[in-house]
Amino acid sequence: MGWKLSAEACASEPQWADRLWRGNQPAGSPVVSEEQLDLLSTLDLRQEMPPPRVSKSFLSLLLQVLSVLLSLVGDVLIVVYREVCSIRFLLTAMSLLSLFLAALWWGLLYLIPPLENEPREMLTLSEYHERVRSQGQQLQQLQAELDKLHKEVSSVRAANSERVAKLVFQRLNEDFVRKPDYALSSVGASIDLEKTSHDYEDANTAYFWNRFSFWNYARPPTVILEPDVFPGNCWAFEGDQGQVVIRLPGRVQLSDITLQHPPPSVAHTGGAKSAPRDFAVYGLQVDDETEVFLGKFTFNVEKSEIQTFHLQNDPPAAFPKVKIQILSNWGHPRFTCLYRVRAHGMRTSEGAGDNATGEPH
């Protein structure tokens, strides 16, 4: 009887403890059932359990297969031993089996990657965002470096272009003549208008306002002493024969004369018929009456736009003026154009005679 009561008391002890625990809880607290406690414990255990790895399951499966194969091989060996009854055969079979197991183990060690090198688990959302942000910053840095490199290349290209342009302009200014020009207005040369032919006047195109000096479209003869040579910037005189007398900046022993005319390819009329063709050069003495013939030449418009002609000044004489006499042009019936005339040689001292040797200027 006493044993039965003690058994019933033991059986009812969990219920009494549960009631006592619930009674000690404060009022208003939620009541959790046993099923919920079991479920929560299960969830906690699942959260604490690490995710299974594919490689471990693969190795366990492989070991299971190998154990089954080894048991089968052992059974086969026992059956064969019973039939053959030879210790030597059993030792040979065990040796071969040991070699096979050793080779298999070596393959598992070196051919299967270790567990530490297994692929990582999938990234969380925060890790993914952090990686995307890091890669975005790297892309921005690369873009900044590319922009900087592009600016440097552009600056180098601009510097080279500016250098090339300066060289081109320098060559254009030099005109490949590389001789001092004494028929240049910037060094003191001028035009003797009294001994120079009159300007060409076109009655068909001269409007009323063109008759005023500040509206006149015709260029004066001083334009042939300027380095600016472009189509239309020339001095025109009527017909195919005329002359121009240039005052030099001192007494110059003339050696060469250079004429320049734009090529036919850039002429607005489609040709260079107004260019001078045959011309003669004279050196004028101080009295303006004595003329010294220095040569007769032909300007070929098909050859080059800048042509230099060597004068027949032997023995060398110094002249304060030079006269260019145009004898014909290339076929224009109304006028002839001069773009630029250059005089080369050596300048002499003011008090020296005509036959003075002089110093190069």
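Side chains included, hydrogens not; waters and symmetry mates left out as well; all remaining heavy atoms used.
Connection of Val245 to Ile324 is not established within any shared hydrophobic cluster, with ILVMFWY side chains joined at heavy-atom distances below 4.5 Å, either directly or through further cluster members. Val229 and Ile306 fall into different hydrophobic clusters, where Ile, Leu, Val, Met, Phe, Trp and Tyr side chains are chained together by heavy-atom contacts under 4.5 Å. Phe293 and Phe319 are assigned to two separate hydrophobic clusters, defined by single-linkage of ILVMFWY side chains at heavy-atom distances under 4.5 Å. By the rule that hydrophobic residues join a cluster once side-chain heavy atoms approach within less than 4.5 Å of another member, Leu338 and Ile191 end up as members of one cluster. Neither Leu248 nor Val187 shares a network with the other; the hydrophobic side chains, linked directly or stepwise wherever heavy atoms of I, L, V, M, F, W or Y lie under 4.5 Å apart, form separate groups for each.
Asp288 has its side chain within reach of Lys195: a pair of non-hydrogen atoms, C-beta onward, lies under 4.5 Å apart. No side-chain heavy atom of Val153 sits under 4.5 Å from any side-chain heavy atom of His150. Two residues are said to be in side-chain contact when any heavy atoms from C-beta on lie closer than 4.5 Å; Leu193 and Pro221 meet this criterion. In this structure, Ser274 and Asn329 have side chains that are not in contact, with every pair of non-hydrogen atoms separated by 4.5 Å or more. Leu327 has its side chain within reach of Lys296: a pair of non-hydrogen atoms, C-beta onward, lies under 4.5 Å apart.
With hydrogens and angles ignored, the 3.5 Å screen pairs no side-chain donor or acceptor of His332 with any backbone N or O of Asp240. Asp228 contributes no side-chain N or O that, together with a main-chain N or O of Asn233, makes up a donor-acceptor pair within less than 3.5 Å. One N or O on the side chain of His344 and one on the backbone of Pro180 form a donor-acceptor pair closer than 3.5 Å. The backbone N or O of Tyr282 sits nowhere less than 3.5 Å from a side-chain atom of Gln325 that would complete a donor-acceptor pair.
Leu259 CG to His261 NE2: the interatomic distance, rounded to the nearest 0.5 Å, is 9.5 Å. With rounding to the nearest 0.5 angstrom, the OG1 atom of Thr290 is 8.5 Å from the CG atom of Leu284. Here Glu305 contributes atom CD and Tyr339 contributes atom OH; the two are 11.0 Å apart, rounded to the nearest 0.5 Å. Taken to the nearest 0.5 Å, the NE2 atom of His129 stands 9.5 Å off from the OG1 atom of Thr124. The structure places CD of Gln260 at 8.5 Å from OG of Ser304, a figure rounded to the nearest 0.5 Å. Remark: Gln243 CD to Thr196 OG1 distance equals 7.0 Å, nearest 0.5 Å.
In summary, Asp256 and Lys179 engage in a salt bridge, as defined by a charged side-chain N under 4.0 Å from a carboxylate O. In summary, Lys323 and Glu291 engage in a salt bridge, as defined by a charged side-chain N under 4.0 Å from a carboxylate O. Ion pair Glu130/Arg133 flagged as a salt bridge, since at least one NZ, NE, NH1 or NH2 atom sits closer than 4.0 Å to an Asp/Glu carboxylate oxygen. With respect to the salt-bridge test (charged N to carboxylate O, under 4.0 angstrom), the residues Asp181 and Arg340 qualify. Salt-bridge annotation for Lys321 and Asp192: present, with a side-chain N of the basic residue lying under 4.0 Å from a carboxylate O of the acidic one.
Closest of all the heavy-atom pairs between Ala236 and Cys337 is CB-SG, 3.9 Å. Here the shortest heavy-atom pairing between Ser255 and Gly345 reads OG-CA, 3.4 Å. Closest non-hydrogen pair, Leu254 versus Ala343, comes out as CD2-CB, 3.9 Å.
One side chain, Tyr200 or Arg334, offers a donor N or O that lies under 3.5 Å from an acceptor on the other. Counted by atom type alone, Thr298 and Asp278 present one or more donor-acceptor pairs between their side chains at under 3.5 Å. No hydrogens or angles considered: a donor-acceptor pair under 3.5 Å links the side chains of Ser185 and Glu226.
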Checking ring-ring contact (aromatic ring centres under 6.0 Å, His included) for the pair Phe335/Phe237: CA distance, chi angles, key distance, verdict?
CA-CA 6 Å; Phe335 59 86; Phe237 59 88; 9.2 Å; no

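Note on ring orientation: taking the six-membered ring where Trp is involved, the planes of Phe279 and Phe297 are tilted (angle from 30° to 60°).
Crowding of Glu194 atom CD: a count of heavy atoms from other residues, nucleotides or ligands under 6.0 Å not exceeding 12. Within 6.0 Å of CD on Gln241 lie more than 12 heavy atoms contributed by other residues, nucleotides or ligands.
Taking the centre and axis of the six-membered ring of Trp330, the NZ or CZ atom of Arg277 falls inside the cone set by 45° and 6.0 Å.
Only one option out of Ile224, Leu225, Val322 pairs with Val244 in a side-chain contact (heavy atoms from CB on, under 4.5 Å); it is Ile224.
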